[in-house]
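In what follows, a single structure is set out as structure tokens and then discussed.
Residue numbers begin at 1 in each chain, while the letters A, B, ... track the order of the sequences. These values consider heavy atoms only, across backbone and side chains, with no hydrogens, waters or symmetry-generated copies.
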There are 2 protein chains.
Amino acid sequence: MTTIREIAQLCGVSVATVSRVFNQPLTVSREKREVVERVARELDYRPNESARALATKRSGLIGLVWDTDHRRPGWRHPYLQELLIGLKSALSAHGYHLLMLATSGSAALRAVGASLADPVAYVNMTRRHHLGGLVLIDSGSDAPAFTAFAQSGLPCVAVDVAVDGPRATYVTSDNAQGAQQAVRHLVAAGHRRIATITGPRQNLPAVDRLTGFRAAMAEAGLPVPDEYVVEGDFYRPSGQAAMRSLIALPEPPTAVFCAGDEMAVGALLAARHAGLRVPEEVAVVGFDDIELAALVDPPLTTLAQDKAGIGVAAARAVLTMVHGGATPAPAFLPTRLVVRSSSR
Amino acid sequence: MTTIREIAQLCGVSVATVSRVFNQPLTVSREKREVVERVARELDYRPNESARALATKRSGLIGLVWDTDHRRPGWRHPYLQELLIGLKSALSAHGYHLLMLATSGSAALRAVGASLADPVAYVNMTRRHHLGGLVLIDSGSDAPAFTAFAQSGLPCVAVDVAVDGPRATYVTSDNAQGAQQAVRHLVAAGHRRIATITGPRQNLPAVDRLTGFRAAMAEAGLPVPDEYVVEGDFYRPSGQAAMRSLIALPEPPTAVFCAGDEMAVGALLAARHAGLRVPEEVAVVGFDDIELAALVDPPLTTLAQDKAGIGVAAARAVLTMVHGGATPAPAFLPTRLVVRSSSR
DNA sequence: CTGAAAGCGCTTACAG
DNA sequence: CTGAAAGCGCTTACAG
């Protein structure tokens, strides 16, 4: 790797001048600048990022926290790949790389002295590596660390989880709005007895979807008996179990809004096992539009999230803060109703 | 952030001694060591990674190249999430983080002067950031850059693509073996006319699966007429089209081995559209065991890859090289036949 | 075992 | 506009 010194010598200028050519080009006379640029190009010069980070305290890296919930080893993020695509492309466009941090559940941290539950582990990593900020992907198992980081004053953008702090914001789908669309669609199809299978009580999207559901039901003048609200955990089996209990009611619903596609697939299975035709005897609507949604039988009506868009929005939000901008307000990205055969 | 200097002052020792306590603890007298360790703990000291990397030319980071094929924007990796889980956990266990590089398809690289097609872009990034090495995930669009990196002599581990170089190796499933298992399973079920839908000709897993297919057919003494080998591209529509053409043959196969689950799902659709019952009239076997496989109708017999295991193996291979070990031989991880209802 | 010193490669006030 | 110098925080021969 060629260094700034070699270029300086070859050009007969000081290292300061070479450095300026790359960092504040307009402060250098055009002739010197052009010479330096030419020589740098010929030698395929690339600045040493470690040296740069040491001198400037900025690294050109954004951290990504995506812990896999150790209490639920089978857990999968419903749209991680698209999220990463969005994140990465938006960060790349500004010259940033994405550092996936070894997370607190790992042996590594313990090795370097951080206890498994060290809530300031992310703060430390961010400082040690001079990260511009962090993007936090909710895994449901990291709440204290998320909170500690959000409070730290370092740029922080969480996905699908609400965080609070001087430079903390979050991005998620407009879940309430999505749930409303689902209910309106079902109401328009003539349904009156509409139940919902929710996500976990502490989960942001789950809460907002339930809120939207209730709002839309109220808007339509429809009652929501307690038995029509069954809590699931976003996993398929919970949807299946919830649907079974709904079917067993004295007055079962004619339509069920599920807060996630995985649960909706479970609900479909339960309906099939109970010998109920979908959508004739019971309509089902999901949320997420995972790949599976279009392929189950019958294909699932659902609310498509702008998965890559959430990644892009998260990237933009960190970058805004990294570049000194004001902390962006939380972003709620619109969802899109995709009508398939599981409802009408 | 507290620095080594502050600790040195508080302990009344030189910075060299403090540094040694962390890097070569046994060369420091026990008393000084204990004092330094205590003070460091009290101050929650963390070494500045940029300074460290600058001084040692090692960063504690492993790079990850995962480009999304710009010629195929809809492309999705069949098991990225599990791969990342395996990679990350194995790297974490040794204190390494994973740096997702802004890849060559991005505007960012052009911005910093790397042309879109710059084959040495990865070499440069590795040097600039003092990365220990790179893990390359095949996206089918980066061949020249992969080759250039593999040749560079920097530690290189590719996933699902063969690379060659002094410190380059790769890991993939034992695809030939898996295909053999598939064929043997079908032969054992009484099938004689077995066709295959392959992946792209240049793709390593695709080639190996075809090789295994042919080997097992030969072993069983069964012919493989040219029309029984149809090339797909791993995407669902190609499987559907290929299956249509197989069904249309004067002597159609009674069983079809698909080199990927997505294509197998397409094949299932084609069979359904043609009014053929699966597996009674035509059996279908896939490869990968994606989530979808268990959920289509009928559930798909397939070869499960050890997805996280591939990530772990890749991580171990880079770490071996980073720590000065010999270049590991390419690893071929065993697959597991999962029999479901699409075959018998 | 320990410290003073040089060095990793770059940036940025400070003078001129 | 340009250069000499100090500094970012750490590591590692080199003496002692």
Handout entry: Short side-chain N/O contact from A:N23 to OP1 or OP2 of C:dT11, under 4.0 Å
Key = yes
Practice task
For B:Y45, report the nucleic acid contact type (base, sugar-phosphate, nothing); a contact means any heavy atom under 4.0 Å.
Solution key: sugar-phosphate
Problem - Whole-Å distance separating the CG atom of B:N48 from the P atom of D:dG7 - result: 17 Å
Practice task
Please work out if A:S19 contacts a base, only the sugar-phosphate, or nothing of the nucleic acid, heavy-atom cut-off 4.0 Å.
Solution key: base
Practice task
Using a 4.0 Å heavy-atom cut-off across all strands, classify A:T27 as base, sugar-phosphate, or nothing.
Solution key: base
Fill in the blank from the handout: Atom NE2 of A:H130 and atom C1' of D:dC10 are separated, to the nearest Å, by 11 Å
Completion exercise
In whole angstroms, the gap separating C1' of D:dC8 from CZ of A:R58 amounts to 13 Å
Completion exercise
Closest to the side chain of A:S14, out of D:dG3, D:dG9, C:dC8, is D:dG3
Fill in the blank from the handout: With the side chain defined as heavy atoms from C-beta on, B:R52 is closest, among D:dC10, D:dC8, C:dT11, to D:dC10
Exercise for the section: May I ask you to say what A:V13 touches in the nucleic acid, namely base, sugar-phosphate or nothing, with a heavy-atom cut-off under 4.0 Å? Expected result: sugar-phosphate
Exercise for the section: Determine, step by step, whether A:D160 and A:Y79 satisfy the side chain to side chain contact (heavy atoms under 4.5 Å, CB included) criterion, reporting the C-alpha distance in whole Å, the side-chain angles of both residues, the deciding distance to 0.1 Å, and the verdict. Expected result: CA-CA 12 Å; A:D160 283 340; A:Y79 59 96; 2.8 Å; yes
Fill in the blank from the handout: If pairing means Watson-Crick or G-U wobble with both distances under 3.5 Å, then the partner of D:dG16 is C:dC1
Handout entry: Base of C:dG3 paired with side chain of B:R20 (donor-acceptor, under 3.5 Å)
Key = yes
Problem - Within 6.0 angstrom of B:R316 CZ, more than 12 heavy atoms from elsewhere - result: no
Exercise for the section: By nearest nucleotide on DNA chain C, pick out whichever of A:I4 and B:G12 is the more 5' one. Expected result: B:G12
Handout entry: NZ/NE/NH1/NH2 to OD/OE distance under 4.0 Å, A:E37 and A:R33
Key = no
Completion exercise
Separation of D:dG9 atom C1' from B:R46 atom CZ, nearest Å, is 17 Å
Handout entry: Distance below 4.0 Å between A:K57 side-chain N/O and C:dT11 OP1 or OP2
Key = no
Practice task
For the residue pair A:T2 and A:D44, establish whether any side-chain heavy-atom pair is separated by less than 4.5 Å.
Solution key: no
Practice task
Using atom CZ of A:R5 as one end and atom P of C:dG9 as the other, report the distance to the nearest whole Å.
Solution key: 9 Å
Handout entry: Among C:dT12, D:dC1, C:dT2, the one nearest B:S29 by side-chain distance
Key = C:dT2
Problem - B:T17 side-chain N/O to C:dG3 phosphate OP1/OP2 under 4.0 Å - result: yes
Practice task
Take the protein atom CG of A:L54 and the nucleotide atom C1' of C:dT12, then report the distance between them rounded to whole Å.
Solution key: 13 Å
Handout entry: First of B:A55 and A:V18 reached from the 5' end of DNA chain C, by closest nucleotide
Key = B:A55
Problem - d(CD1, A:I7; C1', C:dT11) in whole Å - result: 15 Å
Fill in the blank from the handout: Between CD of A:E49 and P of C:dC10 the distance, given in whole Å, is 10 Å
Exercise for the section: Let me know which of A:H129, A:R128, A:H130, A:K57 forms a side-chain hydrogen bond (donor to acceptor under 3.5 Å, both in side chains) with B:N48. Expected result: A:H130
Practice task
Determine the interplanar angle of the A:Y96 and A:H323 rings, folded into 0 to 90°, and report it as parallel if under 30°, tilted if 30 to 60°, perpendicular if over 60°.
Solution key: tilted
Completion exercise
Of the listed C:dT11, C:dG3, D:dG9, the closest approach to the B:K32 side chain comes from C:dG3
